[in-house]
Amino acid sequence: MKVGMVSLGCDKNRVDSEVMLGLLSRAGHTIVNRPEEAEVIIVNTCGFIDPAKEESVETILEQAQYKKTGKCRLLIVTGCLAQRYSKEIMDEIPEVDAVIGTGRFTEILDVINECESKHERLAAVDKPKFPDIKGIPRVLTTPSHTAYLKISEGCSNCCTYCVIPQLRGPHVSRPLDEVLDEAQHLVDRGVKEIILVGQDLTRYGQDLKGDVSLMRLLKELVKIPGLVWVRLLYCYPDRVTDELIDTIAEEEKVCNYIDIPIQHIHPEILRKMNRPANPEQIRNLLSKLRKRIPDIIIRTSLIVGFPGEGEEEFQELVDFVKEFQFNRVGVFPYSKEEGTPAARFPEQVDDKTKETRRDALMSVQQRISKRLNRQRVGQVCKVLIEGTSSEGVYFGRSYGEAPEIDGQVFVISNRPLKAGDFVDVKITKAYEYDLLGEDYESGK
């Protein structure tokens with residue numbers, strides 16, 4: 001059959017979507033991009049916070065219309081929203097034929113066949129687990145030169161505001177040889193940049209036998225011929241060790257880029273969040289990273305409006321951002337999620353205050369980002385070309401920009417460039433988040 005998919009949420013969810021597309025393609029189904037042509041539509045949802053849940057529900061309802069206006073025979077909902085609200089989805093959206101939880105998405109073919117043969121609605125949802133994805137050929141939805149590589153599933157950190165452990169289960173690491181095999185397969189297909197993802201990369205290997213760790217994985221990955229960049233996302237501050245910092249500094253293929261979700265800096269807020277690091281540890285880590293790797297790009301995420309955050313606590317967070325001058329920051333208003341301890345905390349902050357604080361902090365960060373970008377003017381950096389903006393102008397990313405969440409580098413060149421090329425670029429102008437440069441080779 002012709003199958004269409006809409007994938008929402010994080011890059012870890014994207015990997016699940018690519019695995020499902022791989023299974024469908026291998027079984028002989030045709031993947032289509034136009035939903036009106038699809039006989040089966042799969043919506044892989046996010047259910048993390050309220051805006052994500054709203055987007056997921058809206059997308060399900062949009063795709064349900066193709067049962068009337070298109071060729072859709074089956075509408076299947078997968079992912080975190082399906083795991084969290086399977087009964088509500090089945091009860092309230094009759095157009096949905098099946099829901100599949102986070103631990104059973106590899107059963108997508110069986111679910112389609114059963115719905116087709118029995119003409120019955122189906123809920124394949126149970127306790128979250130990490131399904132076996134070894135050897136499944138993913139259909140990449142990223143540009144062919146970049147791929148995400150999921151090295152673990154679930155989370156055991158149990159932050160008081162977060163539902164991920166309920167939706168994805170406890171932390172489980174993939175075996176080292178399995179991760180390396182998949183990385184080799186991706187590079188054989190032309191991938192030049194591998195982005196490691198998991199809820200907590202720094203916990204990788206702690207649940208496996210033998211000498212397995214994130215550092216060991218990195219040292220094995222950089223041995224793969226043809227792989228140019230390895231990028232790290234989601235490293236928890238309390239487990240970024242000196243050994244990991246040294247590995248980033250010493251291994252040329254490991255980008256001098258790290259995503260460390262800090263969430264807040266006020267000690268009482270961190271305690272109520274059940275975050276694993278205290279303010280002193282966080283400050284020491286950031287100072288150590290900057291000293292050991294002077295050109296490192298540090299991204300973080302912050303939550304404003306957490307229960308008990310008054311003006312004093314918020315101002316301390318603002319001062320902290322000004323003090324440490326992060327290269328990249330994502331600011332999120334606290335989302336009161338049912339089933340989490342924080343939802344029952346007193347001193348809940350109203351939505352208007354949360355939005356105001358988010359805007360204020362992002363305004364501070366915007367100025368910092370532009371100032372730091374200006375420091376890169378005159379530098380020559382390697383840029384991975386991703387596409388054409390206009391005639392003679394291309395866009396791409398240096399080691400300092402992760403796809404989709406960070407800015408871009410626009411490149412002026414008098415020679416033809418193609419996606420996947422690495423080009424030396426001299427930065428000539430800085431904007432708040434983006435950079436402009438000239439193809440260094442063509443300018444000689």
Side-chain angles (χ1 to χ4, degrees), residues 10 12 48-49 128 130 150-173 196-208 212-218 232-248 257-290 292 296 298-309 313-314 316-317 320-321 323-324 326 328-332 334-337 339-345:
C10 66
K12 298 172 286 295
F48 181 41
I49 56 177
F130 194 3
K150 187 191 283 192
I151 67 172
S152 63
E153 181 60 279
C155 186
S156 298
N157 291 311
C158 298
C159 301
T160 59
Y161 52 82
C162 185
V163 296
I164 291 298
Q166 301 172 37
L167 304 182
R168 295 281 180 172
H171 172 90
V172 179
S173 302
L196 300 184
V197 292
Q199 300 297 340
D200 180 1
L201 294 187
T202 43
R203 197 183 281 266
Y204 177 74
Q206 293 183 3
D207 53 327
L208 299 176
V212 182
S213 65
L214 179 59
M215 287 68 72
R216 167 86 184 281
L217 172 60
L218 290 173
L232 299 175
L233 299 185
Y234 320 120
C235 296
Y236 271 62
D238 63 315
R239 284 186 287 273
V240 177
T241 62
D242 290 349
E243 184 183 0
L244 177 57
I245 296 173
D246 288 342
T247 302
I248 297 171
Y257 179 107
I258 190 168
D259 186 330
I260 305 174
I262 291 171
Q263 310 303 14
H264 216 279
I265 197 60
H266 191 278
E268 180 60 16
I269 299 297
L270 287 171
R271 185 192 66 79
K272 292 173 69 175
M273 287 180 168
N274 195 35
R275 293 293 294 172
N278 61 45
E280 183 180 3
Q281 288 175 310
I282 292 170
R283 285 186 161 89
N284 288 341
L285 170 63
L286 295 174
S287 298
K288 190 181 297 183
L289 280 164
R290 289 263 170 83
R292 182 70 176 88
I296 193 165
I298 302 176
R299 161 174 273 281
T300 193
S301 55
L302 303 170
I303 295 174
V304 296
F306 189 80
E309 183 194 65
E313 291 80 6
F314 174 65
E316 184 169 335
L317 182 61
F320 169 69
V321 170
E323 174 188 0
F324 274 93
F326 293 98
R328 321 272 185 242
V329 175
V331 182
F332 303 93
Y334 164 72
S335 180
K336 184 180 178 182
E337 294 301 315
T340 63
R344 302 188 297 271
F345 287 174

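Residue numbers run from 1 in the order of the sequence given.
Rounded to the nearest 0.5 Å, atoms SG (Cys235) and CD1 (Ile245) are 10.5 Å apart. Atom CD1 of Ile49 is separated from atom OH of Tyr161 by 11.0 Å, given to the nearest 0.5 angstrom.
Between the side chains of Asp207 and Ser173, at least one donor-acceptor pair of N or O atoms lies under 3.5 Å. For the residue pair Ser335/Glu337, the side-chain donor-acceptor check at 3.5 Å is satisfied. Between His171 and Gln206, the side chains place no donor N or O within less than 3.5 Å of an acceptor N or O (distance only, hydrogens not considered).
In terms of modelled atom types and a separation under 3.5 Å, the side chain of Gln166 and the main chain of Gly339 share a donor-acceptor contact. Formation of a donor-acceptor pair under 3.5 Å by the Thr160 side chain with backbone atoms of Lys272 is found in this model. Remark: side-chain polar atoms of Asn157 are not paired, donor with acceptor, to backbone N or O of Cys159 under 3.5 angstrom. In this structure, Arg283 contributes its side chain and Ile265 its backbone to no donor-acceptor pair below 3.5 Å. With hydrogens and angles ignored, the 3.5 Å screen pairs a side-chain donor or acceptor of Gln281 with a backbone N or O of Asn278.
Ring geometry for His264 against His266 counts as perpendicular: the plane angle is over 60°, on a 0 to 90° scale with 30° as the lower cut.
Contact record, Val304 with Glu309: C-OE1, 3.7 Å, taken as the closest heavy-atom pair.
Proximity of Leu167 to Phe48: side-chain heavy atoms (C-beta onward) are nowhere separated by under 4.5 Å. Here the side chains of Pro237 and Gln263 are not in contact, with every heavy-atom distance at 4.5 Å or above. Counting heavy atoms from C-beta outward, Arg203 and Ser156 have side chains that approach closer than 4.5 Å. The closest side-chain heavy-atom distance from Asp259 to Leu201 is not below 4.5 Å.
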### Message
Does Glu268 form a salt bridge (charged side-chain N to carboxylate O under 4.0 Å, His left out) with Arg271? I'd like the steps, not just the answer.
### Response
CA-CA 5 Å; Glu268 180 60 16; Arg271 185 192 66 79; 2.5 Å; yes

### Task
Report the C-alpha separation of Asp242 and Arg292 in whole Å, then their side-chain angles, then the decisive distance to 0.1 Å, and conclude whether the salt bridge (charged side-chain N to carboxylate O under 4.0 Å, His left out) test is met.
CA-CA 10 Å; Asp242 290 349; Arg292 182 70 176 88; over 6 Å; no

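With respect to Tyr236, the side chain to side chain contact (heavy atoms under 4.5 Å, CB included) criterion is satisfied by exactly one of Ile260, Ile262, Asp200: Asp200.
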